[in-house]
Structures are given as structure tokens and as C-alpha cells.
Amino acid sequence: MIIEKQEDVTEAVLGEMHRTPDARTKELLAALVKHVHAFVRETRMTEQEFQAAIGHINAIGQHTTPSHNEAMLLAGALGVSNLICLLNNGSHGTRPTQANNLGPFFRDGAPPCRNGDSLVRSETPGPRLEFHGRVEDANGRPIAGAEVEVWHSSPIGLYENQDPSQAEMNLRGRFTTEVDGSFSFRSVKPAGYPVPTDGPAGTLLAAQKRHNMRPAHLHFLITKPGYKTIASQVYDAADPHLETDSQFGVTRALIADFSAERVEFTFVLEQGESWRPKPPISAKATASA
Ligand SMILES: [Fe+2]
């Protein structure tokens, strides 16, 4: 259509939606156009601001590498990751859930382990941690044979993929729950850590005068056919950044006492689709990266 006035632009773009064969794609794109156009109108975005916004969006891609996922980091910093998680878990957002953000550091290929094994694959000084987990269904019955992938930062706050001094897959492992739903591993205590600030996520935090810390946590991905897959994170109750997580991930259901060497925690899986999230990264950083 020929555009006569500013309101026509929205109508013209929405008018092209009827060609979209997939109904869900059509719904998502139409809502995106409506909200983006409304955002531009509400904020009276200037041409200079629009140019700057395009620069930020391009920089998301430019900062993404096989060992770093800037879009995932930014989604967390805007609270979108946890909102999506909470809307899609816990009986569609009506109940507490152990589901949490996958985060930007999940990698495929964690080595298979036996329960009780250590995740430490190269010298990693720090306080020891023993984790005893249990996976159960919504009625408290144990789920045997669930696959539990674990990953976490080192006691100085670096994941192996960020730190060439750590062995490949250090502090990562894959476990299977026993008949009673239990799994366990030994490791070192993770530290809270600063998220990278050299890309658009850092620009966002600086503009708001926000810090870039995450409270200390352990990551989990739990899968079992017949149950809805959950990514989870378990947070250290004593961490000073629990209330101000730069990724807005901390929920009441995910706080545990890390003060003793032994941590115990129960994960509940809902019935549903077992699926495997796409790993946000595929490689470890090299010394020169
Ligand atoms: Fe993390």
C-alpha cells in the first residue's frame, strides 16, 4: 500500500502477514510488529537513537563466537530468559519450579560419570563441595534413569570454556539417577562471577549503573523421556549478590545452603515433552581469544 501517514506503516506491515503459512509464526510476527511499532511511538524514538539501536543489535552478533553467546547474555540481563522459563514451567507459571535459565555456558559433550565421581579434571584449588541430588515427579515418586548434566564455574568464577588454564570439560559431567532418583558428585565450590561486559550486555548494565555479578550457583540440565526437560540452577544462600543477580535468575525455590561441604537438593519434573535445548556455545576459549 502507499503510505499516506505514519499510522499507515503499521497497517501496511500487518497487511502482509496473511502470506505467512505457519499460524504460530504469523502470530509471533504480528505481535512483534505491533509491539515494536508501539514502542517506537511511545518513546518517540529519534533518528539518532534508532541508529544507535541498530548498532547495538549488530554488536550482539559481532560479539558472539563459538565460546560466547551475547544474545543469551543480553536476554538474561533484560529478564526475558527467566520470564520465559517461569511462564513455561511450574504448571504454566502458577507454582514454584526448579526450572531456571539454561544460561550462556551450557556445552554438549560433558563426560559420562558414575554417581559420586569428581568433576575436577585439572588442578582447581578451592573449598570442596559434595552434591547429593534427587529427581522426583510431582507426586514425590523417585525418577530413575534421568540424565543429569552438571556444569559450574571454578572457585575463581570462570567456566572452563572461558579459561584456557582449565582442562577441557573441567567442572562438567553427566550423571544418571539411581532407582531411588538420587545422583551425586564431588567438586569444588563455585564462586559468583562477573558476566562479560565487552559487548551490548555490558553497555546496557553500564547505562543503568548496574553491577555485572551473578551469585554463586551450580547448573543442571535434567532429561527423562515422558517428563518435561528442565534446566536448573541452585544458588548459594550466603552469596551477597542473591538479591541483585545481573541475570534475574534467583527464585525462592532455588536457594540452598552451601555453607557445609555437603549440599542436598531435590528437583521435581513435570510430565511433558523431553527435549534437548540447543547449546549456546560449542567450543572452549583458546589462550589467544
Ligand atoms: Fe552460570
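In each ligand, atom 1 is the first atom listed, and ligand 1 is the first ligand listed.
Taking backbone and side chain together, Ser153 holds no N, O or S atom under 2.8 Å from the Fe ion (ligand 1). Among the backbone and side-chain atoms of Tyr159, an N, O or S atom lies under 2.8 Å from the Fe ion (ligand 1).
At a threshold of 4.5 Å between non-hydrogen side-chain atoms, the residues Val150 and Phe175 count as touching. By the 4.5 Å heavy-atom criterion applied to side chains, Val148 and Thr176 are not counted as neighbours.
Classified by interplanar angle (parallel below 30°, tilted 30° to 60°, perpendicular above 60°), the ring pair Phe220/Phe131 is tilted.
Donor-acceptor pairing under 3.5 Å is lacking for the side chains of Glu243 and His241.
Atoms NE2 of His217 and NE2 of His219, as seen from the Fe ion (ligand 1), are separated by an angle of 90°, to the nearest 10°.
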